[in-house]
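First, the structure itself, so that you have it in front of you.
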Amino acid sequence: MNANRYVEGLLRAALDTRGWSWPDKAVIEPPKDRKFGDISANVAMLLAAQAKKAPRQVAEDLAADLAQAPDVASAEVAGPGFLNVTLAPGFWRRVLPEILSQGEAFGSSTVGAGRKVQVEYVSANPTGPLHIGHGRGAALGDSLSRILAKAGFDVEREYYINDAGRQMRLLGTSIWVRLQQAQGRPVPDPEDFYRGDYIRDLAAEVLAKYPDILSRPEAEAVDLCYEYGMNAIMDGIKKDLSDFRVGHDVWFSEKSLLAEGLVDKTFAFLKDRGLAFEQDGAFWFKTTELGDDKDRVLRKSSGELTYFASDIAYHDHKYRRGFDMVVDIWGADHHGYVPRMQAAVEALGRKGCLHVILVQLVNLLKGGEQIAMSTRAGQFETLRDVIDEVGADAARFMFLSRKSDSKLDFDLDLVKQKTMDNPVYYVQYAFARICSVRRKAAEQDLAPAEAEPAALALLDTAEDLELLQHLARFQDTVEAAARSYSPHLVSYYLQELASTLHKYYTLHHVLSADRPLCRARLLLLDCVARVLRNGLDLLGVSAPESM
RNA sequence: GUCCCCGUAGCUCAGUUGGAUAGAGCGAUAGCCUCCUAAGCUGUAGGCCACAGGUUCGAUUCCUGUCGGGGACACCA
C-alpha cells in the first residue's frame with residue numbers, strides 16, 4: 001500500500017467536493033518527526049487564498065472529511081495548518097500480502113511509463129586497466145540502471161569504446177616500443193606514451209603471437225600492436241566489470257560511427273543550420289549561440305577530428321535510436337565538457353533530453369593514509385586490486401552510499417572492517433539473521449503464517465508497526481532514487497530498514513513466542529527479508545543467507 | 001581571471017521538488033548475551049547547518065555576495 005498516494009487520493013476527493021483545485025506545490029509525505037502522524041500534508045496552507053479562509057480553518061474542514069475514511073485513524077491540524085494523518089494499523093498490515101504476492105517485483109512501479117532511457121557509463125578508453133575511479137562510475141551506472149528499470153523505464157546500458165583516434169595510436173606505439181626494447185633494439189622512450197608495466201606484458205604477448213613482427217614494416221607492426229593491445233585490454237575491462245557485477249547491453253564502437261559516415265552527416269546538419277563555420281583551416285561549432293562560453297573545434301586544421309565531433313554524432317545516433325532520455329556518467333574532471341555537450345544536444349533539437357552525472361574523485365586511503373594515485377602500477381590503484389582486496393559487495397556499497405557529487409574517501413582498511421563505518425555488513429547481517437531464524441523455525445516445524453487478518457492482527461506492537469511502515473515506503477524510495485538519479489537513497493533506506501529489524505530482533509523474540517504469534521512474526525520477517533534482498537539487488541550487492 | 005562541485009556533531013556523511021524541536025553511524029561514555037548469530041541492542045554527551053544579505057507565512061534547502069577546500073578552463077582525450 002502506498003500511504004502517500006492513498007492520502008492524496010482522499011484529499012483530492014475532498015477538494016473536489018468542495019470545489020477547490022489541487023495546488024501545484026502540494027506535498028504529501030511522512031513528516032520528519034513521527035509524533036506528527038504517519039503522513040503530513042501542507043495543502044491547507046496552500047489553499048488558504050483560494051478558499052478565502054484561514055489555513056487552519058481549511059485544514060479543519062479537510063480533517064473532518066478525511067476522518068470519514070475507513071483506514072484513517074485520525075486526522076489532526078497542527079502548527080500553521082499542517083494536516084497530520086495517522087492511518088489504522090490494518091492499512092499498514094496490508095503491505096505484507098502485497099510483498100508476498102509480488103515477490104522480487106515488489107518495489108517496482110510504472111512511473112517510468114516505459115519511456116526509453118539510455119545510461120552510458122564507464123566508457124574508459126581501452127588503453128589500460130580500470131582504476132578505482134572507474135569503479136565508482138561503474139557501480140553508479142549499473143545500480144542506476146537497475147533502479148530506473150524497477151521504476152518502469154525501458155533501460156539500455158551502454159559502454160562507448162573510444163577505439164579511434166590518437167590515444168589508440170599511442171597505445172599501439174607504446175607496445176611497439178616496449179616490444180623492440182625487450183628485443184634489444186635501442187629505441188628511446190617517446191615523449192608521450194603509456195608507461196605502465198602492463199604495456200611490457202602486452203608486448204611480450206604480441207611477440208609470442210607474431211614471432212616475425214620485428215621483420216614487418218613499422219606501420220604494420222604498430223597496427224598489430226594496437227589491435228592486439230586494444231582487444232586484450234578490452235577483454236580485461238570486461239572481466240573486471242563482470243567480476244564487479246556491472247553489466248552493459250551495448251558496446252558501442254567509435255570507429256563504427258566514422259565508418260557509417262555519421263560524423264560527416266552531423267557536420268552537414270550543423271552547417272545547414274548556420275551553427276558551424278570554417279576558420280583558420282579548422283571547422284568550428286558555434287556553441288556560444290547555445291550557452292557555451294567559447295566556440296569549439298570539430299575538425300582541426302590538421303584534418304583530424306576532435307573527440308567532440310564524434311561525441312556529437314554519437315549522441316545524435318543515440319536519439320535516433322529512440323531514447324527519450326540519455327544519461328551520461330562522466331568523471332568530474334570532464335565538467336567543463338558539459339556546456340558544450342548540452343549545446344550540441346540542443347542543436348540536435350533535443351534540449352532537456354541529456355542528463356550528465358559527474359562522479360567526483362575517489363580518494364584512496366589505507367589506514368587513514370592517502371595512497372598516491374600514480375599512473376605507474378601502484379599497489380591498489382586498479383579496480384581489480386580493490387575487488388580482490390575488499391570484495392565487490394563492500395566496494396559497491398561504499399560507492400553507492402555517497403552522493404555522486406561528493407568526493408569519496410575510500411579507505412581500504414575501513415571497507416574491510418565489519419563496523420558501521422562500513423554499513424554493507426550491517427544490512428547483510430539483517431538479512432542473514434532472518435535466514436537464521438527461518439532455519440531454526442523450520443527445524444521446529446514452524447512455518448510462516450498465511451497473510452490473513454487473524455494472523456496479521458497479532459503484529460500489534462510499536463516495533464511491528466515501524467517495520468510495516470518502513471516496508472511500505474520501499475516503492476517511494478525507488479521512485480525517488482530514479483527521479484533524482486540517486487542510488488544512495490536506496491542505500492540509506494536499507495540501512496534504516498536493517499536498523500529497524502535489528503531493534504525488532506532484540507526486543508521481540510520470535511521462536512519463543514506462542515505458536516500463532518511466532519508464525520505471524522515469521523511472516524513479517526519473511527517480508528523484511530524479501531525487501532532487503534530486493535533493495536540489495538538494486539545496488540548489485542549480494543544477500544548472504546549466513547555470515 | 002572565468003566556470004563547476006563541496007562546506008551540516010570531534011570524524012565520515014544523510015537531510016526526500018522550501019516545512020514543524022536539524023538526523024544516522026563512527027569515535028567518547030554508561031549499560032545489555034543461562035534466550036533465534038553481540039557483525040547486534042539501549043542510554044548520555046556532542047550543532048551559530050562556513051559567513052552576510054535577499055525572496056516568503058516559513059530557508060540547511062532557492063537567489064546574490066564573501067571566505068575556505070577541491071576540480072575544470074587546449075585545434076588534449
Side-chain angles (χ1 to χ4, degrees), chain A residues 24-25 27 29-33 35-36 40 42 45-46 48 55 78-82 84 125 127 162 165-168 170 192 279-284 293-294 296-308 311 331-339 358 360-361 363 368 401-409 411 414 417-426 428-430 432-441 443-444 473 476-477 479-481 483-484 486 488-489 491-493 495-496 498-499 501-513 518 521-522 525 546-547:
Chain A
D24 288 343
K25 292 165 75 176
V27 174
E29 61 187 8
K32 275 187 211 164
D33 194 323
K35 79 178 181 198
F36 294 123
S40 187
N42 66 347
M45 290 179 282
L46 300 170
F82 286 102
N84 294 332
N125 287 350
T127 55
N162 287 120
R166 207 174 88 83
Q167 297 301 314
M168 285 293 100
L170 222 53
D192 197 9
Q279 186 182 305
D280 306 328
F283 187 68
W284 296 71
D293 53 7
K294 185 176 179 307
R296 306 294 173 176
V297 169
L298 297 179
R299 190 181 56 236
K300 307 180 213 174
S301 50
S302 66
E304 251 183 324
L305 296 174
T306 63
Y307 263 57
F308 187 37
D311 278 345
D333 53 342
H334 286 65
H335 81 76
Y337 206 72
V338 176
L358 296 174
Q360 289 288 336
L361 293 177
N363 206 9
S401 294
R402 296 282 183 279
K403 288 186 297 193
S404 51
D405 48 10
S406 297
K407 272 174 301 180
L408 171 67
D409 283 341
D411 192 313
L414 225 52
Q417 271 178 36
K418 292 155 183 176
T419 70
M420 260 311 275
D421 257 354
N422 183 22
V424 63
Y425 296 111
Y426 184 81
Q428 289 182 322
Y429 184 46
R433 263 188 154 170
I434 295 173
C435 293
S436 174
V437 174
R438 278 201 287 221
R439 282 191 297 270
K440 286 276 195 316
E443 288 170 13
Q444 300 175 33
R473 215 174 298 147
D476 282 344
T477 302
E479 285 176 18
R483 193 183 328 119
S484 57
S486 303
H488 76 275
L489 297 180
S491 161
Y492 277 86
Y493 170 87
Q495 291 178 57
E496 285 164 13
S499 166
L501 182 277
H502 285 311
K503 191 204 285 189
Y504 189 91
Y505 179 92
T506 305
L507 252 46
H508 300 294
H509 208 266
V510 174
L511 296 179
S512 61
C518 170
R521 286 179 176 169
L522 285 172
L525 292 199
S546 68
M547 294 173 68

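Source: prediction; values computed, not measured. Numbers restart at 1 for each chain; the letters A, B, ... are given by sequence-line order, proteins then strands.
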When only distance counts, do a donor and an acceptor, one from the side chain of A:Ser40 and one from the base of B:A20, lie under 3.5 Å apart?
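Looking at the base of B:A20, it does pair with a donor or acceptor on the side chain of A:Ser40 (distance under 3.5 Å).
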Does a side-chain N or O from A:Tyr426 land closer than 4.0 Å to OP1 or OP2 of B:C41, or not?
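So the side chain of A:Tyr426 is within the cut-off, an N or O lying under 4.0 Å from OP1 or OP2 of B:C41.
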When the distance from NZ of A:Lys407 to P of B:A14 is rounded to whole Å, what number comes out?
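Those two atoms, NZ and P, are 13 Å apart.
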Just to be sure I understand the rule, does A:Ser486 reach a base, reach only the sugar-phosphate, or reach nothing, if contact means heavy atoms closer than 4.0 Å?
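It contacts nothing in the nucleic acid.
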Please pick, from B:U16, B:A39, B:A77, the nucleotide with the shortest atom-to-atom distance to any side-chain atom of A:Gln167.
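The nucleotide sitting nearest to the side chain is B:A77.
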Syn or anti conformation of B:C35, syn meaning chi within 90° of 0:
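Anti conformation here, the glycosidic angle of B:C35 being more than 90° from 0.
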Is A:Lys300 near enough to B:A74 that one of its side-chain N or O atoms lies under 4.0 angstrom from OP1 or OP2?
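Result: no.
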Under 4.0 Å from OP1 or OP2 of B:A14: is there any side-chain N or O of A:Ser406 that close?
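Yes, such a contact exists.
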Answer yes or no: side-chain N or O of A:Ser302 and base N or O of B:C75 forming a donor-acceptor pair under 3.5 Å.
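There is none.
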Tell me whether the side-chain N or O atoms of A:His334 pair up with the base of B:A77 as donor and acceptor below 3.5 Å, since no angle test is needed here.
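Such a pair exists between side chain and base.
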For A:Asp293, which contact category applies under a 4.0 Å heavy-atom criterion: base, sugar-phosphate, or nothing?
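Touches nothing.
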Taking only side-chain nitrogens and oxygens of A:Lys403, does any of them come within less than 4.0 Å of OP1 or OP2 of B:U12?
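Answer is no, no contact under 4.0 Å.
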Using 30° and 60° as the class limits, which term best fits the ring planes of A:Tyr492 and A:His488: parallel, tilted or perpendicular?
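Aromatic pair A:Tyr492/A:His488 classed perpendicular.
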When you measure from the side chain of A:Tyr337, which nucleotide among B:A77, B:C35, B:G19 comes out closest?
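The nucleotide sitting nearest to the side chain is B:A77.
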Could you work out which one of B:C75, B:G40, B:A72 sits closest to the side chain of A:Ser301?
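That would be B:C75.
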Without decimals, in angstroms, what is the distance between A:Leu305 CG and B:C76 C1'?
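My rounded result for the distance is 14 Å.
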For nucleotides B:G7 and B:G19, find the distance between their C1' atoms and express it as a whole number of Å.
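Comparing C1' positions in B:G7 and B:G19 gives a spacing of 23 Å.
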Is the phosphate of B:A38 approached by A:Arg433 (side-chain N or O, under 4.0 Å from OP1 or OP2)?
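So the side chain of A:Arg433 is within the cut-off, an N or O lying under 4.0 Å from OP1 or OP2 of B:A38.
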Please confirm whether any donor atom in the side chain of A:Asn84 sits under 3.5 Å from an acceptor in the base of B:A20, or the reverse.
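Answer is yes: a donor-acceptor pair is held.
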Which part of the nucleic acid, if any, lies within reach of A:Ala441 when heavy atoms closer than 4.0 Å are counted: base, sugar-phosphate only, or nothing?
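Nothing, no nucleic acid heavy atom in range.
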Could you state the CZ-C1' distance from A:Arg402 to B:G7, rounded to the nearest angstrom?
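Distance, rounded to whole Å: 16 Å.
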B:A14 and B:G25, which share atom name C1', separated by this distance in whole Å
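Each nucleotide's C1' atom is 10 Å from the other's.
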Can you tell me how far P of B:A39 sits from CD1 of A:Ile434, to the nearest Å?
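Computing the A:Ile434:CD1 to B:A39:P distance gives 17 Å.
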Pick the P atom in B:G43 and in B:A50, then give their distance to the nearest Å.
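Taking atom P in both B:G43 and B:A50, they lie 28 Å apart.
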If a stem is a run of at least 3 consecutive Watson-Crick or G-U pairs, both distances under 3.5 Å, which stems include RNA chain B?
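As far as RNA chain B goes, consecutive pairing (with distances under 3.5 Å) yields the stems B:1-7 with B:67-73, B:10-13 with B:23-26, B:28-32 with B:40-44, B:50-54 with B:62-66.
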